[in-house]
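Values reported hereafter were calculated over all heavy atoms of this structure, with side chains retained and with hydrogens, waters and symmetry mates removed. Remember, it's a predicted structure, so these values are computed and weren't measured experimentally.
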Amino acid sequence: MSSPVINAEADLFREAGRDFIVQSGSVSLARRLHSDAVPFERNWWQQAAELGWTMLLAPERAGGGSPSGEGVIDLVDIAELCGAHVAPGPLLVTSAIVAGLAQPEARRNHDEVLAGILEGTTVAAWAAPPLAGITPGVTARREGECWVLSGDVEAVEFGSEADVLWIAAESEDGITHFLVPTEHAGVAVVPTGSIDLVRPFARVTFTDALLPDAMVAVDGMHGRAVLRAQLRCMNLLQVAESVGALRRVFEFTVEWGMERYSFGRPLASYQALKHRYADDVTHLYACRALLAAAARAVQDGAPEADCLVSAAKAYVGEVGVQIVQDSCQLHGGLSQTMEHDLHIYLRRVMLCRALYGSVREHRINVARTAFEGEA
């Protein structure tokens with residue numbers, strides 16, 4: 001059990017994060033940024049970094065740490081908060097990269113880049129392969145003391161805004177990870193579309209990009225294990241964002257039902273609608289329980305962590321869109337307007353569902369893990 005002092009510090013950390021997001025505009029901030037064609041403001045992200053959001057998974061040698069002493073749990077709380085307010089900023093990709101650099105197998109010659117990431121002055125994008133097979137679309141071959149990278153990666157989150165890219169490439173040694181400046185010769189970043197208002201994507205292409213060995217972050221011997229740790233982190237945080245969004249959507253849907261009257265009664269008082277509310281809140285509680293179990297397993301380094309993260313991603317991915325769609329129907333025609341916030345939440349939930357493994361792939365991962373456990 002954590003001491004009361006640590007719990008108080010963690011509560012203060014969460015409250016500070018909530019106040020920061022609410023005061024900066026919450027959903028209205030996402031609308032304004034989208035209107036200005038700006039995915040996020042760097043000074044906003046630096047303020048978030050000052051609050052400690054980027055430090056939670058960082059190694060102690062880099063000044064990392066968390067209020068509760070459990071960085072994963074604290075980070076999940078922040079991700080859930082960001083989902084509830086559809087916050088901008090590269091929290092998820094930054095966390096995946098910091099998680100990679102925090103691994104004992106990672107090289108320590110990138111401390112200057114890590115410091116910039118933690119301060120929020122350097123924006124980094126994580127160019128990872130999809131879950132199935134975990135085979136990168138980029139290949140790396142040695143040429144003397146250098147590496148040559150070729151290939152491309154689709155849907156690199158915040159790739160169009162990044163100063164540096166974390167690349168996982170297939171090499172003769174295994175999966176080798178690199179930290180590459182976006183302005184490096186042979187690297188082309190082309191912005192692509194996104195359904196999320198403030199989560200941009202890009203296609204990154206490497207055309208015989210010549211990299212010095214100093215740009216290697218993790219060698220091929222340990223690369224696959226590090227990539228799995230990063231994917232575990234990213235999927236957990238996506239689940240947390242989705243759960244935060246679903247919680248907020250359910251809250252204002254119930255409020256709407258209590259405030260709107262039909263034939264002299266609140267809409268929420270009709271039995272047919274009560275059944276919808278009951279179904280959705282049951283799914284929501286299950287989502288939150290799965291998130292809590294997965295977060296605890298990842299924090300503790302439990303052997304079932306991958307299975308629980310995949311179970312959470314599969315379940316939340318399946319029922320999350322259903323909950324938001326139910327909320328749209330319960331709101332009636334108002335939900336079909338761009339002025340209402342529901343479509344903004346639906347975009348975030350659908351995006352989190354689609355990235356880094358489909359519902360089917362995560363179900364297969366759960367089944368495979370369970371079968372291996374019985375063997």
Side-chain angles (χ1 to χ4, degrees), residues 18 26-27 30 76-77 79-87 195-197 235-296 307-355 357-364 366-367 370:
R18 182 178 295 106
S26 191
V27 179
V76 164
D77 287 341
E80 190 172 353
L81 178 64
C82 289
H85 297 277
V86 200
I195 62 171
D196 195 292
L197 296 188
N235 277 306
L236 177 64
L237 296 181
Q238 285 185 337
V239 171
E241 274 210 338
S242 294
V243 169
L246 297 175
R247 176 173 53 81
R248 181 65 191 120
V249 164
F250 185 77
E251 286 173 357
F252 64 64
T253 300
V254 173
E255 291 170 3
W256 167 261
M258 295 301 293
E259 292 170 357
R260 297 294 293 179
Y261 278 67
S262 175
F263 300 103
R265 294 172 53 185
L267 287 175
S269 68
Y270 289 93
Q271 188 173 22
L273 300 188
K274 286 181 179 180
H275 291 166
R276 299 286 286 275
Y277 291 131
D279 288 343
D280 288 342
V281 78
T282 300
H283 287 313
L284 180 56
Y285 279 127
C287 291
R288 298 185 71 180
L290 278 167
L291 171 62
R296 172 50 58 192
C307 182
L308 284 170
V309 170
S310 282
K313 184 72 182 286
Y315 185 80
V316 174
E318 179 180 9
V319 305
V321 174
Q322 174 188 326
I323 292 172
V324 184
Q325 294 285 17
D326 271 354
S327 295
C328 291
Q329 294 181 25
L330 290 165
H331 274 83
L334 178 64
S335 68
Q336 305 305 308
T337 66
M338 295 299 288
E339 287 73 20
H340 200 278
D341 291 340
L342 265 168
H343 75 94
I344 301 177
Y345 285 93
L346 180 59
R347 290 165 183 266
R348 179 63 57 93
V349 171
M350 290 183 69
L351 183 64
C352 288
R353 167 195 168 108
L355 293 176
S358 65
V359 168
R360 180 177 181 274
E361 287 173 330
H362 282 285
R363 282 177 173 170
I364 291 172
V366 171

Original post:
Do V309 and V239 come close enough that some side-chain heavy atom pair is under 4.5 Å?
Top reply: no
**OP:** Compare all side-chain heavy atoms of V316 with those of L291 and state whether any distance is below 4.5 angstrom.
**Re:** no
Original post:
Can you name the residues that form a side chain to side chain donor-acceptor pair (under 3.5 Å) with D77, not counting sequence neighbours?
Top reply: R14
**OP:** Just jot down the side chain to side chain donor-acceptor pair (under 3.5 Å) partners of Y277, sequence neighbours excluded, or say none.
**Re:**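 Side chain to side chain donor-acceptor pair (under 3.5 Å) list for Y277, sorted by chain: empty.
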Output all residues satisfying salt bridge (Lys or Arg N to Asp or Glu O under 4.0 Å) with [X], sequence neighbours left out; order by chain, then residue number.
X    : answer
E318 : R363
R296 : E70, D300
R353 : none

Salt bridge (charged side-chain N to carboxylate O under 4.0 Å, His left out): which pairs involve [range], sequence neighbours left out?
range            : answer
residues 246-255 : E80-R247, R247-E251, R248-E251
residues 307-317 : none
residues 325-352 : R31-D341, D196-R348, E241-R348, R276-D326

Which heavy atom in [X] sits nearest to a heavy atom in [Y], and how many Å separate them?
X    : Y    : answer
H362 : G357 : CD2-O, 3.3 Å
V366 : A311 : CG2-N, 3.4 Å
C287 : L246 : SG-CD1, 4.4 Å
V76  : A295 : CG2-CB, 4.0 Å
G83  : Y345 : O-CE2, 3.6 Å
D280 : I323 : O-CD1, 3.9 Å

Starting at [atom1] of [X], measure out to [atom2] of [Y] and round the result to the nearest 0.5 Å.
X    : Y    : atom1 : atom2 : value
L342 : L330 : CG    : CG    : 9.5 Å
I344 : H85  : CD1   : NE2   : 13.5 Å
L197 : H343 : CG    : NE2   : 6.0 Å

Original post:
Any sub-3.5 Å donor-acceptor pair from T337's side-chain atoms to G333's backbone N or O?
Top reply: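 Such a contact is absent between T337 side chain and G333 backbone.
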Original post:
Among all residues two or more places apart in sequence or in another chain, which pass the ring-ring contact (aromatic ring centres under 6.0 Å, His included) test with H331?
Top reply: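 By the ring-ring contact (aromatic ring centres under 6.0 Å, His included) rule, H331 matches F252, W256, H340.
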**OP:** Take Q238 and L351 through the side chain to side chain contact (heavy atoms under 4.5 Å, CB included) test and state the conclusion after the steps.
**Re:** CA-CA 9 Å; Q238 285 185 337; L351 183 64; over 6 Å; no
